[in-house]
Number of protein chains: 2
Amino acid sequence: MDGKSAGQATKKIPGVLTERQEEKERVRERILDAAQKMMIEDGFRALSIRKLATRVQYSAGNIYLYFENRDAIARELCLRGYAEMLAWLEKGAATASKPGAKLRGASAAYLQFALARPEMYRLIYMDDPAYLEAVFAERREDDPATRAYELLIDLAAATLGAQADRPQAVKLAESCWAAMHGIASLKLSCPTFPRTSPEILCEAALDGLLKK
Amino acid sequence: MDGKSAGQATKKIPGVLTERQEEKERVRERILDAAQKMMIEDGFRALSIRKLATRVQYSAGNIYLYFENRDAIARELCLRGYAEMLAWLEKGAATASKPGAKLRGASAAYLQFALARPEMYRLIYMDDPAYLEAVFAERREDDPATRAYELLIDLAAATLGAQADRPQAVKLAESCWAAMHGIASLKLSCPTFPRTSPEILCEAALDGLLKK
DNA sequence: TCTTGCGCTGAACACCGTTCAGTGAACACC
DNA sequence: GGTGTTCACTGAACGGTGTTCAGCGCAAGA
């Protein structure tokens, strides 16, 4: 597209290679955007490579020049999901000032995220353990799933105060996490069944875990 | 096989028709047994009709003379799973005598069941919402899933005492259920991640929900 | 202008769930 | 015993899936 790209290419300046890579990256993002939309509409399990390719006006085989396989697409979408979830958590924590209330706010936001983005949540935590494992296997410091986890632990540590050690904070954070996950995934697995509303179950669970 | 069956058949006594039906039922059970074994080994998602047919020495098409489709097999296996789960709950409740301790015991047993039969639990509560919905849509009085649900509610009602109304008991029962489900499904979704052991998380959750 | 490399396609492979015409044997009746 | 019917069962087929790959056309570089 850029007329000067040829001149740059002769000198093998990184910028030109990058332009090619950037174009490739743009297509990749376009594919991912389409995949995300399709997942939100019908769930990731209903997303087929062929339908995805049709949506972005490519042949099915071409998708494999951008992603190793279908699971790789799932993992990328998971990363987007974790990032979105982290944003919800941070926003939830910011609604309060006292440590205990911050943990409460973040926990409630976790549940709200799950109910607001059901198919995303399902992909992240319910579809295939391998996706979540893959993210934590890398264990990059800055991946949003790890940051969300550690945000909860920090909030839990602040809630417990200075006299509590880290394992206690981990225990409290994971307790909140598991409680919210239970309410969310139960609601997603069987929408009509738990009679009590998620909000009330959330309140009851956090009351139990957070009251001293 | 029975030499006298022909004589009975002439008179169309129900017993003969039943013998055919019984044979059919036996084959059905044989298929279900194989399906259950395969599910426990590799999970239900990895179970294909063709592999199942090979395992029971039939052609794939023949399976469809015993089950409407693959989902119907899933639903039957779910029913078996609910029955097994109910047995665990009852056994867990029976380990104590006081109402609160009974609810605790049943809840803990729920979690133990999930961890002891991971693929069964995954099928029941995590794979496809439609399976659980289908069971509750029928709403037969004696189906094991409903009985398990109502067992928890009864135990919760007993725990709260006479002054509590039914919605309160439902709330407590569902809180316990959601809490245990959260711990179980998180453990199954990401085995390596929650650092705190399920037992400790279970204790913390029930302490919070059950202490007055 | 020729060559190289890259993006892309279409066909193919091996699966999948599901359907269905056809087969052979067991049964019911004359 | 002969004959028609029912029944369990098979094998092939259809349309779908994920994935691979030879080959094609075009743009870039020599």
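The chains referred to below are lettered A, B, ... by the order of the sequence lines, with proteins before strands, and numbering in each begins at 1.
- Between A:Asp154 and A:Lys102, none of the side-chain N atoms (NZ, or NE/NH1/NH2) sits under 4.0 Å from a carboxylate O, so this pair counts as no salt bridge.
- Atom CG of B:Leu188 sits about 7.0 Å away from atom OG of B:Ser185, to the nearest 0.5 Å.
- Interatomic distance, A:Leu155 CG to A:Thr159 OG1, rounded to the nearest 0.5 Å: 6.5 Å.
- For the OP1/OP2 pair of C:dT19 and a distance below 4.0 Å, the side-chain nitrogens and oxygens of B:Tyr64 include no atom meeting the criterion.
- Across the protein-nucleic acid pair, A:Arg26 atom CZ and C:dG7 atom P stand 13 Å apart, rounded to whole Å.
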Determine which bases of DNA chain C form Watson-Crick or G-U wobble pairs with both distances under 3.5 Å, and write the result as a 5' to 3' dot-bracket string with | for other-strand partners.
-> ||||||||||||||||||||||||||||||

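- B:Asn62 places its CG atom 18 Å from the P atom of C:dT23, with the value rounded to the nearest Å.
- Summarising the geometry, the separation between CZ on A:Phe67 and P on D:dT20 is reported as 15 Å, rounded to the nearest angstrom.
- At the heavy-atom level, B:Leu47 lies under 4.0 Å from the strands shown only through sugar-phosphate atoms.
- Between the CZ atom of B:Phe44 and the C1' atom of C:dC16 there is a distance of 13 Å, given to the nearest Å.
- The CD1-P distance, from B:Ile31 to D:dA8, rounds to 12 Å in whole Å.
- Protein atom CD1 of B:Ile63 is 15 Å distant from nucleotide atom C1' of C:dC16, rounded to whole Å.
- Of the listed nucleotides (C:dC13, C:dT9, C:dT18), C:dC13 has the atom at the smallest distance from the side chain of A:Arg50.
- Ring-centre distance between A:Tyr110 and A:Tyr121: below the 6.0 Å cut-off.
- A salt bridge is defined here as a Lys NZ or Arg NE, NH1 or NH2 lying under 4.0 Å from an Asp or Glu carboxylate O, and B:Glu29 with B:Arg80 meets this definition.
- In the set C:dC8, D:dT17, C:dG17, C:dG17 carries the atom at the smallest distance from any side-chain atom of B:Arg70.
- A distance of 8.5 Å separates CH2 in A:Trp177 from CG in A:Leu152, rounded to the nearest 0.5 Å.
- When all heavy atoms of A:Glu174 and B:Arg195 are compared, the pair lying nearest together is OE2-N, 2.7 Å.
- For A:Tyr66 and C:dC8, the shortest distance from a side-chain N or O to OP1 or OP2 is below 4.0 Å.
- For the pair B:Lys24 NZ and C:dA26 P, the computed distance is 17 Å after rounding to whole Å.
- Backbone-only engagement by B:Ser48 is indicated by non-hydrogen atom pairs under 4.0 Å involving sugar-phosphate atoms exclusively.
- Close to C:dC8, at under 4.0 Å from its OP1 or OP2, lies a side-chain N or O of A:Tyr58.
- Regarding B:Leu65, its CG atom lies at a distance of 14 Å from the P atom of D:dG11, rounded to whole Å.
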